[in-house]
Amino acid sequence: MPTMEDALKNALENALKQAYDLDADVIHIEQPKDKQNGDFSTNLAMTLAKTLRNNPFVIAETNKEKLELPSGVDRVEVARPGFINFFVSEDYLSDIIPEILEKGEQFGASDIGKGTHVNIEFVSVNPTGSMHVGHARGAAAGDSMARVMKKAGFDVTKEFYVNDGGNQIHNLALSINVRYHELFGRTLEMPGDAYHGPEITELAETIKAEHGDRYLYEDGYTYFREYGVKYLLDGIKNDLAAFDVEFDVFFSEKSLYDNGEVANTLKFLKENGHTYEKDDALFLNTTDYGDEKDRVIVKRDGTYTYLLPDIAYHKNKLSRGFDKLIDILGGDHHGYIPRLKAAIQMVGGKADTLEVDILQIVKVLREGKEVKMSKRSGKAISLRDLVDDVGKDAVRYFFSRHSLNTHMDLDLDLAIKKTNENPVFYAQYAHARINSLFEKAAEQGYEPDASIQTYQALTNEQAKDIMKLLMNYPSLIEEAATKRIPHKITNYVHTLASALHSFYSAVPILKGEATHIREHLNLLEATRIVLKDALFLIGVNAPRSM
RNA sequence: GUUCCGGUAGCUCAGCAGGAUAGAGCAACAGCCUCCUAAGCUGUAGGUCAGGGGUUCGAAUCCCCUCCGGAACGCCA
């Protein structure tokens, strides 16, 4: 079914041809914020004013006269500077209801992604501690992005890169060792880059419970490494599950060393002339691809920098057949983008194969003061605690509201205390309200009826507002998916919930004639379907009652 | 010094592939439950869109400069 935008563009093109014998290159159709200005609008006349050397108002009028209105458009008006405004008919609006009832949760799905294989890597926190609230934003954003892109026809793989191979795991093992010894009253000095989180002590306690004092007498290093990573990664997985974030792949950095991919990548880079030696170190020629300076991949002491296994990892992703790689990184890693983009091209990707979405760091406030999130210090506030306090839905809704590059503040006192005023309940309540009405309707012998095809009763402003919003859902999905801006969904949820509440207050739904009740119930069912689906996209439950 | 983000109502933020009177939530104020869940609705008030130039018929939105805040500029990850 062609969209109204396309139909209008067509009609305008024809009108232009007749009136001025002109082929318009781009016709921009928009939806005015103010309903006074129609349901759809074009600024065509203004953009043509210069080439036609005429008053935009006159051009608009001329166009209007030649216009053959597509079905569904009631009337056309020309407004002040030269806007051409289109008003849509009630029949056209209500056609959306049977469509939604028929498609159900498939409504809004599209094939705009054309099955493109997309890998979204996000969270990827080091298994050296628990997830803290700073990580939650990335988890919410990546997961929602994946859900929206799936809905838009992309073939999405969600991936978590487990940094289990580097130096931080060495520090983790040392930290565990210190805590373990402390459990037996022995004080060792914490190394400089140690991890001080309480979870490290818990970890040591489980080792003690299982192995007693064994590692006082034999070297526990290797065991601490393996056990520590597993223990902490399991914890992270649990935290993610509680946050309704699931990954398709947990990819181990260590595996890249074990199966030789890191070494092979190094060889590959050397053989293709992307490296050179200098100061006893091996440099990667990233400036060839626009980086500001070349980067070391093999240090003077012979060990690798973080970059090399990372290149191997991205090479591996490419080898798995992904057309598009998306990395969601924290704002503190933005400087890393040019070298990654350079590297991806060295190993066979194109410049735009990799896209890095930067997520600004969350500033967490407690008692009016900033709380620095750091696993090393151990002072971070865990995601689990926050989810336990305010609930998964509230936290996800909160993080999903803002665009990725907003420097957002999270006031913990506010977030926890104001549970009942959290906007997530506003949206969920709309869904619960609809269900509640259905129960009442059932008592009167009514229920949504998908066989109804024509509508006469949905004439009030509030009902029309809802239908217009419902009609916009498919294009919303497309925009959110292609621009990768999941927060747009959250915005929509709020707007739709608001329209529902207004409708509910203005119209005594179960009081009218039978046909009115039936039509209204169908409108509500369509709303419920879309509301639930949109909430799902941002990882928020749609409760039947509250 | 360079690079990347941000600066919009008292607070938290939308709006930024230019469009019509700049929006929402919270906070404030005034109304609305003998009636389908008041976690709701309706209305009022609140803005020099950091500042200054420029492009344009039209700029919160695009370009340049300045100021303020955050982040990054490692043979750490």
Side-chain angles (χ1 to χ4, degrees), chain A residues 26 28 30 32-34 36-38 41-43 45-47 49-50 55-57 79-83 85 126 128 163 165-169 171 193 253 278-283 292-293 295-307 309-310 330-338 358-361 363 398 401-411 414-415 418-430 432-441 443-444 462 479 483 487-488 490-491 494-495 497-498 500-511 517 520 545-546:
Chain A
V26 187
H28 185 60
E30 66 176 52
K33 284 175 243 167
D34 189 336
Q36 301 294 318
N37 296 320
S41 172
T42 182
N43 60 353
M46 272 105 80
T47 58
K50 193 171 259 178
N55 186 322
F57 196 85
R80 261 182 287 156
F83 289 103
N85 299 332
N126 294 342
T128 54
N163 291 115
N167 196 42
Q168 69 277 15
I169 302 303
N171 291 327
D193 291 327
E253 177 190 4
K278 192 180 133 194
D279 303 333
D280 297 326
L282 193 71
F283 282 72
E292 64 180 21
K293 58 181 167 184
R295 309 292 172 175
V296 172
I297 51 174
V298 182
K299 293 182 260 182
R300 197 176 304 161
D301 66 5
T303 60
Y304 303 148
T305 62
Y306 178 77
L307 183 59
D310 221 17
D332 52 344
H333 286 83
H334 82 264
Y336 199 62
I337 299 172
I358 288 297
L359 198 63
Q360 295 306 326
I361 291 166
K363 187 200 263 185
F398 177 81
R401 289 174 77 192
H402 311 304
S403 91
L404 300 191
N405 41 17
T406 297
H407 299 251
M408 56 187 285
D409 288 359
L410 170 61
D411 187 326
L414 228 61
K418 297 212 160 184
T419 294
N420 286 341
E421 284 156 41
N422 193 299
V424 73
F425 298 111
Y426 182 82
Q428 292 184 315
Y429 183 47
R433 243 183 176 173
I434 294 172
N435 276 294
S436 162
L437 266 175
F438 285 168
E439 283 170 24
K440 282 281 189 305
E443 290 169 14
Q444 298 181 32
Q462 289 83 358
E479 191 192 0
K483 292 184 181 173
H487 75 279
K488 195 103 183 170
T490 317
N491 255 293
H494 183 265
T495 310
S498 171
L500 183 277
H501 286 310
S502 293
F503 174 71
Y504 179 95
S505 301
V507 179
I509 294 151
L510 299 178
K511 297 292 190 292
I517 294 179
H520 283 142
S545 67
M546 288 173 72

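This is a predicted model, so every value here is computed, not measured. The figures here come from the full heavy-atom set of this structure, side chains too, leaving out hydrogens, waters and symmetry mates. Letters A, B, ... are given to chains in the order of the sequence lines, protein chains preceding strands, and every chain is numbered from 1.
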Within less than 4.0 Å of OP1 or OP2 of [N], is there a side-chain N or O belonging to [X]?
{"X": "S436(A)", "N": "rU37(B)", "value": "yes"}
{"X": "K488(A)", "N": "rG15(B)", "value": "no"}
{"X": "S41(A)", "N": "rA20(B)", "value": "no"}
{"X": "R80(A)", "N": "rG19(B)", "value": "no"}
{"X": "N37(A)", "N": "rA20(B)", "value": "no"}
{"X": "S403(A)", "N": "rA14(B)", "value": "yes"}
{"X": "Y426(A)", "N": "rC41(B)", "value": "yes"}

Item checked: Syn/anti state of rC33(B) by chi, 90° boundary around 0 ->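 Base orientation relative to the sugar is syn.
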Would you classify [X] as touching base, sugar-phosphate or nothing, given that sugar-phosphate means primed atoms plus P, OP1 and OP2, and contacts are heavy atoms under 4.0 Å?
{"X": "P56(A)", "answer": "nothing"}
{"X": "A430(A)", "answer": "nothing"}
{"X": "D34(A)", "answer": "base"}
{"X": "N435(A)", "answer": "nothing"}
{"X": "A441(A)", "answer": "nothing"}

Going by side-chain hydrogen bond (donor to acceptor under 3.5 Å, both in side chains), name the residues that satisfy it together with [X], two or more places apart in sequence or in a different chain.
{"X": "N85(A)", "answer": "S41(A)"}
{"X": "S403(A)", "answer": "N405(A), T406(A)"}
{"X": "N37(A)", "answer": "none"}
{"X": "D301(A)", "answer": "T303(A)"}

Note to self: If you assign each of H28(A) and H501(A) to its closest nucleotide in RNA chain B, which residue comes earlier from the 5' end?
What the structure shows: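 Of the two residues, H28(A) wins.
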Note to self: Taking the nucleotide of RNA chain B with the nearest heavy atom to each, does K483(A) or L404(A) sit closer to the 5' end?
What the structure shows: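 Result of the comparison: L404(A).
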In whole Å, what is the span from the [atom1] atom of [X] to the [atom2] atom of [N]?
{"X": "F425(A)", "N": "rC41(B)", "atom1": "CZ", "atom2": "P", "result": "16 Å"}
{"X": "Y504(A)", "N": "rC33(B)", "atom1": "OH", "atom2": "C1'", "result": "11 Å"}
{"X": "R401(A)", "N": "rA14(B)", "atom1": "CZ", "atom2": "C1'", "result": "9 Å"}
{"X": "E443(A)", "N": "rU37(B)", "atom1": "CD", "atom2": "C1'", "result": "13 Å"}
{"X": "H402(A)", "N": "rA24(B)", "atom1": "NE2", "atom2": "P", "result": "17 Å"}

For [X], which residues count as a ring-ring contact (aromatic ring centres under 6.0 Å, His included) partner, sequence neighbours excluded?
{"X": "H402(A)", "answer": "F398(A)"}
{"X": "F503(A)", "answer": "H520(A)"}
{"X": "H494(A)", "answer": "Y426(A)"}

Item checked: Partners meeting salt bridge (Lys or Arg N to Asp or Glu O under 4.0 Å) with R433(A) (sequence neighbours left out) ->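 Expected list: none.
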Margin query: Just to verify, what does K483(A) make a salt bridge (Lys or Arg N to Asp or Glu O under 4.0 Å) with, not counting sequence neighbours?
Written below: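 With neighbours one apart ignored, the set is E479(A).
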Margin query: Taking the side chain as everything from C-beta on, heavy atoms only, tell me whether V298(A) gets closer than 4.5 Å to T305(A).
Written below: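 No, too far: nothing below the 4.5 Å cut-off.
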Notebook entry, point to check: Which dot-bracket string fits RNA chain B when only Watson-Crick or G-U wobble pairs with both atom distances under 3.5 Å count, crossing pairs get [ ], and | stands for a partner on a different strand?
Noted result: ((((((((.[[[[.)...(...]]]].(((((.......))))).....[[[[[..)....]]]]])))))))....
Check: Minimum heavy-atom separation for Y304(A) to P309(A), with atom names?
Finding: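 Nearest pair, atom of Y304(A) first, then P309(A): CB-CD, 4.4 Å.
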Item checked: Atom P, compared across rU21(B) and rG58(B): separation rounded to whole Å ->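 One P to the other, the span is 14 Å.
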Item checked: Reading 5' to 3' through nucleotides 71-77 of chain B, protein heavy-atom contacts under 4.0 Å coded B for base, S for sugar-phosphate only, - for none -> BSSSBSB
Check: On a plain distance test, is the side chain of N43(A) in donor-acceptor contact with the base of rG19(B) below 3.5 Å?
Finding: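 Side chain to base: pair present.
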Item checked: Base of rG40(B) and ring of Y429(A) stacked, centres under 5.5 Å, planes under 30° ->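 Given the distance and angle limits, no, they do not stack.
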N/O contacts under 3.5 Å, protein versus nucleotides 59-62 of chain B?
none

Item checked: Straight-line distance of F83(A) CZ to N43(A) CG, nearest 0.5 Å ->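 If I round to the nearest 0.5 Å, the distance is 6.5 Å.
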Margin query: For the residue pair D310(A) / Y336(A), report whether a side-chain donor-acceptor contact shorter than 3.5 Å exists.
Written below: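 Looking only at side-chain atoms, D310(A) and Y336(A) do form a donor-acceptor pair, the distance falling under 3.5 Å.
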